[in-house]
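Everything below concerns the one structure shown next.
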Amino acid sequence: MQEISHDVVIVGAGNAGTALAAQLLRLGARDVALLDPSRTHVYQPLLSYVGAGMATTAQTRRPRSALVPDGCTWHTQAVASVDPDAGHLTTTDGTRIAYGDLVLCPGARPDWDALPGSRDAMDEAHGSTNYLPELAPKTWELIRGLRSGTAVFTVPDRPVPCGGVAYKPLFLACDHWRRTGVLDRIEVVALVESPTMFGIPQIDRRLERAVQRYGVQVRTGTSVRAIRAEDQTLETTAGELHYDLLHLTPEHRAPEWIAAAGLSDGTGSFVTVDERTLQHPRHRRVWGLGDAADTHSSKSGGALRKQVPVVAYNIAAARMGQPLHEYDGYSVAPITTSRSHLLLAEFDRDGGLQPMFGLRDLARPRPWTLAFDRYLQPQLYWHGILPGRL
């Protein structure tokens with residue numbers, strides 16, 4: 001068995017991991033390693049626009065080799081297990097890697113087992129999801145091919161990356177159907193698991209006006225219990241519902257090895273952390289952030305802009321016995337209400353609006369916020385956020 005060591009090991013070279021590695025190196029860290037087997041980095045927020053025919057899959061991708069920060073070691077193996085008591089992890093090729101500090105940000109993936117029939121529904125002709133890069137183009141094919149029938153969009157109240165983004169395919173599809181003159185022949189249904197559309201009154205009112213404009217049937221407090229892909233039927237808490245198009249927002253979970261290592265709370269799969277310092281409560285050299293961490297706040301790329309600097313600072317602060325910085329629970333959901341307008345819902349972990357720049361009317365749908373989200377934000381991501389400059 002090969003044995004190596006690094007001062008800081010970061011599992012996951014996505015948004016969180018790459019930006020954290022860059023910031024640590026800028027702060028003077030000398031031995032930082034990233035573990036991620038994927039050779040391609042995907043900018044997930046653009047997948048909603050791929051699913052609406054407003055972006056291409058190629059625009060979401062960059063070679064990971066071009067994004068790993070200079071001075072950082074990239075290991076292309078996946079994690080098999082972690083032993084936080086011994087301070088090392090083992091990769092799938094048997095390599096043992098010891099660490100001084102371990103940061104877990106491997107992301108989350110759809111949990112097909114949580115909803116019976118969901119995987120089959122994605123494989124058949126009428127179901128798709130923008131939460132997987134390989135399926136987002138299928139979403140657009142389904143939307144532009146539907147001329148009549150029933151279109152169903154699910155909005156679960158359970159762990160998903162940037163939950164409010166589940167509304168993007170709904171509104172982008174409705175606006176397309178309105179523009180092409182077929183909306184009045186399509187029954188559009190939104191199955192919303194929570195009691196209201198978003199949970200923040202100001203945002204709820206804006207979304208309610210949008211669904212009324214398109215004639216969407218919103219069924220709040222409704223959960224999907226199972227999917228019968230063979231006859232295109234959803235079994236819900238309110239009865240059965242046939243669909244001709246289904247966009248599913250699947251529940252997500254973190255990798256199994258997190259729970260196996262005793263790093264979750266025993267009831268879920270996500271890394272247990274102090275919601276403010278992002279430090280594991282028992283293993284003080286283990287940190288979590290991003291979609292794989294249980295921060296008691298909404299998971300989003302915007303949340304990472306606050307989380308990453310906290311972890312970068314706290315790793316050094318904890319070693320020197322200094323007070324730790326705190327993450328305030330900020331998150332953001334960019335929600336398109338048409339193919340030309342978007343609102344930004346910025347909020348804290350208690351559901352209070354928290355505009356980052358003090359501009360409360362960002363929660364009002366505007367053309368320039370959609371232009372920012374679709375065109376400027378991706379450039380800031382590739383050239384500012386990932387290199388640790390923003």
Report the C-alpha distance between Gln377 and Tyr43 in whole Å, list the side-chain angles of each, state the deciding distance to 0.1 Å, and finish with yes or no for side-chain contact (heavy atoms from CB on, under 4.5 Å). CA-CA 10 Å; Gln377 182 68 21; Tyr43 178 54; 3.2 Å; yes
Could you go through the salt bridge (charged side-chain N to carboxylate O under 4.0 Å, His left out) check for Asp7 and Arg30 one step at a time? CA-CA 8 Å; Asp7 188 30; Arg30 297 184 180 276; over 6 Å; no
Would Arg158 and Asp111 count as a side-chain contact (heavy atoms from CB on, under 4.5 Å) here? Give the steps. CA-CA 11 Å; Arg158 56 191 69 201; Asp111 183 4; over 6 Å; no
Do Asp113 and Arg253 pass the salt bridge (charged side-chain N to carboxylate O under 4.0 Å, His left out) test, and can you show the C-alpha distance, the side-chain angles, and the key distance before you say yes or no? CA-CA 10 Å; Asp113 293 334; Arg253 65 178 295 113; over 6 Å; no
Given the rule in the side chain to side chain donor-acceptor pair (under 3.5 Å) test, do Thr91 and Asp93 qualify, once you have shown the distances and angles that lead to the verdict? CA-CA 5 Å; Thr91 65; Asp93 70 349; 2.4 Å; yes
Residue pair Ser300, Ser298: steps toward the side chain to side chain donor-acceptor pair (under 3.5 Å) verdict: CA-CA 6 Å; Ser300 71; Ser298 181; 5.6 Å; no
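Of the inter-residue distances, the one linking Gln307 atom CD with Ser297 atom OG reads 6.0 Å to the nearest 0.5 angstrom. Going from atom CG of Leu132 over to atom CG of Leu248 covers 10.0 Å, rounded to the nearest 0.5 Å. A distance of 8.5 Å separates CG in Leu245 from CD1 in Ile186, rounded to the nearest 0.5 Å. Between the OG1 atom in Thr272 and the NE2 atom in His283 there is a gap of 10.0 Å [rounded to 0.5 Å].
With sequence neighbours excluded, the residues that form a side chain to side chain contact (heavy atoms under 4.5 Å, CB included) with Arg213 are Ala210, Thr337. Considering only residues two or more places apart in sequence or on other chains, Arg282 meets the side chain to side chain contact (heavy atoms under 4.5 Å, CB included) condition with His280. Tyr375 is linked by a ring-ring contact (aromatic ring centres under 6.0 Å, His included) to nothing, counting only residues two or more places apart in sequence or in another chain.
In this structure the side chain of Val155 never reaches within 4.5 angstrom of the side chain of Leu170, judged on heavy atoms. Taking the side chain as every heavy atom from C-beta outward, Val188 and Cys174 approach each other to under 4.5 Å. Side chains of Gln217 and Val152 form no contact here, defined as non-hydrogen atoms less than 4.5 Å apart. Contact of the Pro84 side chain with the Leu102 side chain is not registered, since no non-hydrogen atoms from C-beta on lie closer than 4.5 Å. When side chains are defined from C-beta on, Phe270 counts as touching Lys299, because their heavy atoms get closer than 4.5 Å. Inter-residue side-chain proximity for Leu289 and Val308 is flagged as met; some heavy-atom pair is nearer than 4.5 Å.
Sorted by first and then second residue, the side-chain hydrogen bond (donor to acceptor under 3.5 Å, both in side chains) pairs involving residues 66-87 (not counting sequence neighbours) are His6-His75. Sorted by first and then second residue, the ring pair (Phe, Tyr, Trp, His ring centres under 6.0 Å) pairs involving residues 214-259 (not counting sequence neighbours) are Tyr131-His252. Screening residues 147-177 for ring pair (Phe, Tyr, Trp, His ring centres under 6.0 Å), with sequence neighbours left out, gives Trp140-His176.
Between Pro133 and Val42 the shortest heavy-atom distance is CG-CG1, 4.1 Å. Taking every heavy atom of both residues into account, Ala13 and His41 meet most closely at O-ND1, 3.3 Å. Taking each heavy atom of Thr139 and Ser128 in turn, the nearest pair found is OG1-OG, 2.8 Å. The nearest pair of heavy atoms linking Val332 to Glu346 is CG2-CG, 3.7 Å.
Follow the hydrophobic side-chain contacts under 4.5 Å out from Ile315 and you reach Ile97 in the same cluster.
In this structure, the side chain of Arg64 engages the main chain of Ser38 through a donor-acceptor pair within 3.5 Å.
Geometrically, Arg349 engages Tyr327 in a cation-pi contact defined by less than 6.0 Å to the ring centre and at most 45° from the axis.
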